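Worksheet for the structure shown next.
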Amino acid sequence: MTLPRMITLICAAGLILAACSQPATNTAPAGPLPTIGTSGSADAQKVAKSVFGAKTDGSGQAPAPFGSYAKGCVAGAAQLAETGPTWQAMRLSRNRNWAHPDTVNFVEDLSRAAARQPGWNGIYVGDLSQPRGGPMLSGHRSHQIGLDADIWLRRADNLSLSASQRENISSVSMRRNKGAFVNDNWTSAHHQIVKAAASDPRVARIFIFPGAKVQMCKDAKGDRSWLNKVRPWYGHHYHFHVRLACPKGARGCVNQTPPPAGDGCADAQAWVNNILNPPPPDPNAPAPKPRRELRVADLPAQCATVLSSR
């Protein structure tokens with residue numbers, strides 16, 4: 001059975017979190033994190049996305065991610081400026097340009113690298129996290145602890161877009177044949193920007209559509225170690241998703257299991273092969289389980305303080 005087929009079955013069984021996110025391991029502390037459900041919070045039984053989605057600013061705490069990428073929150077989040085010298089935050093009405101300070105710093109650094117590419121003035125930045133992280137009102141399952149960032153694949157040639165324009169402009173798809181290949185919009189600049197992101201030691205993983213990973217495997221010269229962090233994933237042809245590792249010393253932050261050794265190019269090619277020649281449905285595949293909405297009680301106990309802090 002190919003890797004993409006195995007992942008599909010696992011996702012159907014509801015065993016993976018965070019963008020159907022690869023399994024997470026707890027780096028510190030050992031054992032399951034205590035949850036709000038055991039803390040007596042008054043909000044414990046409320047739907048978490050409604051509670052976190054109502055917060056309009058960060059908590060007055062020292063920066064800290066709590067929990068995992070798909071079940072957690074972030075204390076002391078910083079707000080990425082709506083416009084900077086080499087970036088613009090998009091879809092401002094969502095108020096999702098908040099993140100752990102490490103993520104904000106990473107985005108600014110990446111934008112400067114992108115601005116060195118021909119025809120690029122920087123980057124357009126999609127969703128980071130909500131002001132206090134947590135489940136979002138719409139869209140992502142991950143982006144909950146302030147360590148995820150979506151970077152648009154549209155060339156950022158105009159950094160003077162108004163708030164209204166940023167609501168209505170769209171990114172540009174890079175895929176062809178349902179993601180098996182890149183299309184003519186893909187350029188060497190895209191390759192270099194993804195490479196710059198993957199080469200950053202703060203980054204744990206990058207998600208992008210399979211055809212892009214295969215194309216980068218074909219084009220990569222010299223050191224290929226950065227390709228290990230670039231993983232094929234469904235969608236992700238309008239943007240690529242950067243995931244930072246838990247900051248050093250961040251107690252209660254749960255990292256994902258590192259990707260397998262090697263450049264991952266064979267796995268990406270297997271995804272492409274399955275797109276071009278889909279395997280027959282597995283009659284023994286378990287039926288997908290209904291997804292239960294996360295309650296505040298399900299989140300790490302520290303998130304109660306994140307919610308109540310001013």
Side-chain angles (χ1 to χ4, degrees), residues 18-19 21-22 24-29 33 52 55 57-82 84-89 95-115 122-134 136 140 142-152 193-207 226 228-231 239-259 299-300 302-303 305-306 309:
S21 233
Q22 286 70 20
T25 56
N26 198 344
T27 55
L33 293 171
F52 280 90
K55 295 295 183 180
D57 57 8
S59 69
Q61 300 169 291
F66 296 116
S68 63
Y69 300 96
K71 188 184 289 186
C73 61
V74 58
Q79 187 175 27
L80 176 71
E82 294 178 0
T86 48
W87 74 85
Q88 282 200 293
N95 197 27
R96 294 178 180 176
N97 56 322
W98 296 78
H100 188 279
D102 284 3
T103 307
V104 172
N105 291 338
F106 164 80
V107 168
E108 294 173 354
D109 291 345
L110 180 63
S111 75
R112 287 187 283 270
I123 55 175
Y124 295 136
V125 184
D127 289 347
L128 302 182
S129 295
Q130 297 177 139
R132 306 193 189 199
M136 291 186 175
H140 316 280
S142 58
H143 291 253
Q144 293 195 28
I145 57 175
L147 297 176
D148 293 289
D150 287 345
I151 309 300
W152 281 23
I193 292 167
V194 174
K195 178 180 179 180
S199 300
D200 191 301
R202 293 168 290 189
V203 171
R205 217 168 272 238
I206 291 174
F207 302 104
W226 60 274
N228 173 263
K229 295 181 184 178
V230 182
R231 314 307 296 183
H239 71 271
F240 65 96
H241 177 163
V242 181
R243 173 162 294 164
L244 271 60
C246 292
K248 186 176 181 179
R251 298 180 59 81
C253 182
V254 181
N255 270 314
Q256 285 186 244
T257 302
L299 302 182
Q302 297 96 324
C303 295
T305 304
V306 171
S309 176

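Just so it is clear, the values below take in all heavy atoms, side chains as well, and ignore hydrogens, waters and symmetry mates. Small disclaimer: the values here were computed from a predicted structure and weren't measured.
Counting only heavy atoms from C-beta outward, the side chains of P63 and H100 approach each other to under 4.5 Å.
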Derivation and outcome, side chain to side chain contact (heavy atoms under 4.5 Å, CB included), residues V125 and N97: CA-CA 8 Å; V125 184; N97 56 322; over 6 Å; no
Verdict with reasoning, Y69 to N255, per side chain to side chain contact (heavy atoms under 4.5 Å, CB included): CA-CA 8 Å; Y69 300 96; N255 270 314; 3.4 Å; yes
Apply side-chain hydrogen bond (donor to acceptor under 3.5 Å, both in side chains) to T86 and S111, showing your working. CA-CA 5 Å; T86 48; S111 75; 2.6 Å; yes
Could you walk me through whether K71 and L299 pass the side chain to side chain contact (heavy atoms under 4.5 Å, CB included) check? CA-CA 6 Å; K71 188 184 289 186; L299 302 182; 3.6 Å; yes
Pair R202-D109, side chain to side chain contact (heavy atoms under 4.5 Å, CB included): steps then yes or no: CA-CA 11 Å; R202 293 168 290 189; D109 291 345; 2.8 Å; yes
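Note that OG1 of T305 and CZ of F66 are 8.0 Å apart. Values are rounded to the nearest 0.5 Å. For the atom pair N95 CG and D57 CG, the distance stands at 8.5 Å (nearest 0.5 Å). Interatomic distance, CZ of R243 versus CZ of F207, reported as 4.5 Å (0.5 Å rounding). Note that the CG atom of L110 and the CZ atom of R112 stand 10.0 Å from one another [nearest 0.5 Å]. Taken from CD in Q130 to CE in M136, the straight-line distance is 5.0 Å, to the nearest 0.5 Å. Here R96 contributes atom CZ and L80 contributes atom CG; the two are 15.0 Å apart, rounded to the nearest 0.5 Å.
Side chain of K229 to backbone of A198: a donor-acceptor contact under 3.5 angstrom is found. R205 places no side-chain N or O within donor-acceptor distance of the main-chain N or O of L244, the cut-off being under 3.5 Å. Side chain of S199 to main chain of W226: no donor-acceptor pair is present (N/O by atom type, distance under 3.5 Å, no hydrogens or angles). A distance-only check finds no donor-acceptor pair linking the side chain of S129 to the backbone of I145 [under 3.5 Å]. Put simply, the side chain of Q144 gets close to the backbone of A70: a donor and an acceptor are under 3.5 Å apart. In terms of modelled atom types and a separation under 3.5 Å, the side chain of S59 and the main chain of G76 share a donor-acceptor contact.
Of all the heavy atoms in P259 and N228, the pair that sits closest is CG-OD1, 3.4 Å. Smallest separation of non-hydrogen atoms from G133 and V74: N-CG1, 3.5 Å. In this structure, F52 and C303 approach most closely via the heavy-atom pair CZ-CB, 4.2 Å. Pairing each heavy atom of P247 with each of P65, the nearest pair is CD-CG, 3.8 Å. The minimum heavy-atom distance between V104 and A78, with the atom names listed, is CG2-O, 3.9 Å. Nearest heavy atoms, D150 versus H140: OD2-CE1, 3.1 Å.
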